[in-house]
Asker: 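The structure that follows is given in the form of structure tokens.
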Amino acid sequence: MNESFKAYLQQAKSRADSALTRYVGNFDSPYTANNTSHYLARLQQAIEYSLINGGKRIRPMLVYAVANAINSETSDSNADKVACAVEMIHAYSLIHDDLPAMDDDDLRRGQPTCHNAFDEATAILAGDALQTRAIELLTELEDCPSKTQLALIKILTAAAGQQGMVGGQLIDLNAVDQTIDLDHLETIHRLKTGALIRAAAAMGATLANASPQQLQAIDRYAEAIGLAFQVQDDILDIESDTATLGKTQGADQALNKPTYPALLGLEGAKNKAQQLHQQALNALTELDDSADSLRELSSYIISRQH
Ligand code: GRG
């Protein structure tokens with residue numbers, strides 16, 4: 001990774017971290033009786049524990065980089081809100097994914113998972129609250145036509161819901177201990193991980209008033225990096241270690257989950273990641289050098305170590 005992209009990544013992560021702290025919401029409510037506010041304070045703690053705790057912030061970065069590639073004049077504060085909305089959905093999905101009824105994981109971002117640090121009910125509710133806060137945030141954009149706001153809400157909810165991430169999670173849970181083919185595996189990942197990554201890119205482009213052609217190019221790019229992200233995740237599950245990953249290494253194998261290396265072999269999976277990176281670059285040929293951070297991001301996704 002070149003030094004200037006390293007600095008760019010760091011800057012985008014700090015920007016997303018401070019926006020998340022600003023927009024996380026709080027537990028003050030006109031309906032709260034004084035003797036109940038400590039319950040809500042605990043929920044708030046669980047939300048902050050899971051949201052503001054060192055994620056890589058790839059999805060916010062994608063919102064920023066796409067918005068900037070399309071129109072460098074895009075409002076920073078609206079881009080921050082869009083980026084936070086996507087990251088809140090991502091944080092909720094990780095909390096719920098780690099629950100005993102799902103992957104039953106103990107470690108996330110190097111810390112006990114939310115249900116271990118708090119309790120299962122609090123973790124479920126923290127995920128629920130993050131999900132609704134994400135949508136609320138999209139109603140708070142400034143100087144943004146309501147048509148655009150509605151389009152953003154539609155993109156995010158469609159990607160996160162039944163026809164996207166939730167559907168993918170369900171198919172994934174049912175794939176444990178099953179022999180599945182590559183098409184089946186790609187369906188899982190297109191929905192479970194890819195849909196939200198595509199939504200992040202489409203939302204950045206929509207906020208920046210992209211033309212239909214630009215939207216299409218960005219979508220083809222995001223589709224490729226979304227799958228590449230998952231291929232690399234599967235490779236890391238084999239090649240990395242728990243300390244570097246911040247989550248349990250070998251968890252996929254332990255759960256007997258189908259993965260790219262299991263279907264293609266480790267070398268085959270690495271070739272697949274390279275092909276997807278090339279597809280992502282090809283999708284951007286019509287965009288000038290203001291899309292260079294997107295090109296670098298694609299390369300980072302297939303070389304990341306955690
Ligand atoms: C519970 C509805 C519901 C959905 C869960 C996203 C997801 C669906 C499950 C996560 C399972 C998982 C670990 C998938 C691998 C790809 C992935 C999303 C990894 C985590 O994303 P990163 O690497 O995480 O961007 P950080 O911690 O950097 O934010």
Side-chain angles (χ1 to χ4, degrees), residues 58-59 62 86 89-90 93-94 96-98 101-105 154-203 215-240 245 247 249-285 294 297-304:
I58 286 176
R59 294 153 193 81
L62 195 51
V86 177
I89 295 287
H90 171 59
S93 80
L94 297 181
H96 283 199
D97 183 64
D98 290 332
M102 302 226 186
D103 274 3
D104 193 12
D105 235 311
K154 172 77 181 161
I155 295 168
L156 187 59
T157 50
Q162 205 172 349
Q163 294 184 351
M165 187 177 73
V166 166
Q169 178 75 351
L170 188 89
I171 304 173
D172 187 39
L173 289 169
N174 283 288
V176 171
D177 290 333
Q178 302 289 315
T179 310
I180 65 171
D181 61 17
L182 202 56
D183 258 8
H184 190 145
L185 185 68
E186 288 207 350
T187 300
I188 293 174
H189 297 314
R190 274 181 205 288
L191 298 177
K192 190 182 86 162
T193 322
L196 193 61
I197 291 178
R198 264 171 98 178
M203 291 169 81
L215 268 172
Q216 228 177 45
I218 292 295
D219 191 50
R220 273 190 285 123
Y221 163 83
E223 194 177 2
I225 64 162
L227 264 190
F229 183 88
Q230 186 62 54
V231 177
Q232 183 65 11
D233 214 70
D234 286 355
I235 293 170
L236 290 175
D237 191 64
I238 294 175
E239 286 198 327
S240 193
L245 289 177
K247 62 179 182 180
Q249 182 269 339
D252 291 345
Q253 281 170 303
L255 287 173
N256 206 9
K257 278 195 167 189
T259 61
Y260 282 95
L263 286 183
L264 300 175
L266 197 52
E267 277 315 300
K270 288 181 181 178
N271 288 338
K272 173 89 184 169
Q274 278 299 340
Q275 281 166 17
L276 289 164
H277 171 51
Q278 199 50 53
Q279 274 175 33
L281 296 183
N282 292 346
L284 298 178
T285 42
L294 293 174
L297 181 60
S298 174
S299 158
Y300 163 70
I301 278 175
I302 59 155
S303 59
R304 70 196 171 91

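Note that these values count all heavy atoms, side chains included, but never hydrogens, waters or copies made by symmetry.
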Asker: Could you give the distance from CG (L294) to CG (L281), rounded to the nearest 0.5 Å?
Answerer: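 Output value for this atom pair is 10.5 Å.
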Asker: Is there a side-chain contact between Q178 and P258, using heavy atoms and a 4.5 Å cut-off?
Answerer: no
Asker: Looking at side-chain heavy atoms only, is the closest gap between Q278 and N282 below 4.5 Å?
Answerer: yes
Asker: Drop me the distance from L156's CG to K154's NZ, to the nearest 0.5 angstrom.
Answerer: 11.5 Å
Asker: Less than 4.5 Å apart, side chain to side chain, heavy atoms only: is that true for D233 and H189?
Answerer: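 Result no, sub-4.5 Å side-chain heavy-atom pair not found.
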Asker: Where is the tightest heavy-atom contact between A283 and A217, given as atom of each residue plus distance?
Answerer: O-CB, 3.5 Å
Asker: Which heavy atom of M165 sits nearest a heavy atom of A195, and at what distance?
Answerer: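 Heavy atoms of M165 and A195 come nearest at N-CB, 4.4 Å.
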Asker: What's the shortest heavy-atom distance between A224 and A280, and which atoms?
Answerer: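 Taking A224 first and A280 second, the nearest heavy atoms are CB-N, 3.8 Å.
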Asker: How many angstroms lie between atom CE of M102 and atom CG of L94, to the nearest 0.5 angstrom?
Answerer: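 If I round to the nearest 0.5 Å, the distance is 12.0 Å.
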Asker: Side-chain contact, heavy-atom cut-off 4.5 Å: H184 with I171?
Answerer: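 Sidechains of I171 and H184: in contact.
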Asker: Quick check: closest heavy atoms across I188 and A175, and the distance to 0.1 Å?
Answerer: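 For I188 and A175, the tightest heavy-atom pair comes out as CD1-CB, 3.9 Å.
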Asker: When rounded to the nearest 0.5 angstrom, what distance separates CG in D104 from CG in D98?
Answerer: 9.0 Å
Asker: Set out, in order, the CA-CA distance, both residues' side-chain angles and the distance that settles side-chain contact (heavy atoms from CB on, under 4.5 Å) for Y260 and K270, then state yes or no.
Answerer: CA-CA 9 Å; Y260 282 95; K270 288 181 181 178; over 6 Å; no
Asker: Do Q230 and D234 have side-chain N/O donor and acceptor atoms under 3.5 Å apart?
Answerer: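 Note: Q230 and D234 side chains meet the donor-acceptor criterion.
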Asker: What distance do Y221 atom OH and I218 atom CD1 have between them, rounded to the nearest 0.5 Å?
Answerer: 8.0 Å
Asker: Please check if the side chain of Q232 supplies one atom and the backbone of R304 the other of a donor-acceptor pair under 3.5 Å.
Answerer: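 Yes, Q232 side chain to R304 backbone: donor-acceptor pair under 3.5 Å.
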Asker: Before giving the answer on side-chain contact (heavy atoms from CB on, under 4.5 Å), spell out for L215 and D219 the whole-Å C-alpha distance, their side-chain angles and the decisive distance to 0.1 Å.
Answerer: CA-CA 6 Å; L215 268 172; D219 191 50; over 6 Å; no
Asker: Apply the test side-chain contact (heavy atoms from CB on, under 4.5 Å) to residues L266 and I238: give CA-CA distance (whole Å), side-chain angles for both, the deciding distance (0.1 Å), then the verdict.
Answerer: CA-CA 9 Å; L266 197 52; I238 294 175; 4.3 Å; yes
Asker: Just how far is it from atom OG of S298 to atom CG of L62, taken to the nearest 0.5 Å?
Answerer: 10.5 Å
Asker: Closest heavy-atom contact between V86 and A200?
Answerer: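 Residues V86 and A200, closest heavy atoms: CG1-CB, 3.9 Å.
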Asker: Taking it one step at a time, do L227 and T193 satisfy side-chain contact (heavy atoms from CB on, under 4.5 Å)?
Answerer: CA-CA 8 Å; L227 264 190; T193 322; over 6 Å; no
Asker: State, yes or no, whether a side-chain contact exists between L182 and L264 at a heavy-atom distance under 4.5 Å.
Answerer: yes
Asker: Please examine the side chains of I58 and I197, heavy atoms only from C-beta on, and report whether any two atoms are closer than 4.5 Å.
Answerer: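 No, side chains not in contact.
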Asker: Where is the tightest heavy-atom contact between I301 and A228, given as atom of each residue plus distance?
Answerer: CG2-C, 4.0 Å
Asker: With a 4.5 Å cut-off on side-chain heavy atoms, are I302 and L276 touching?
Answerer: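 No, every pair of side-chain atoms sits at 4.5 Å or beyond.
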Asker: With the side chain counted from C-beta on, respond yes when T259 and L185 share a heavy-atom pair under 4.5 Å apart, and no when they do not.
Answerer: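 No; the side chains remain at least 4.5 Å from each other.
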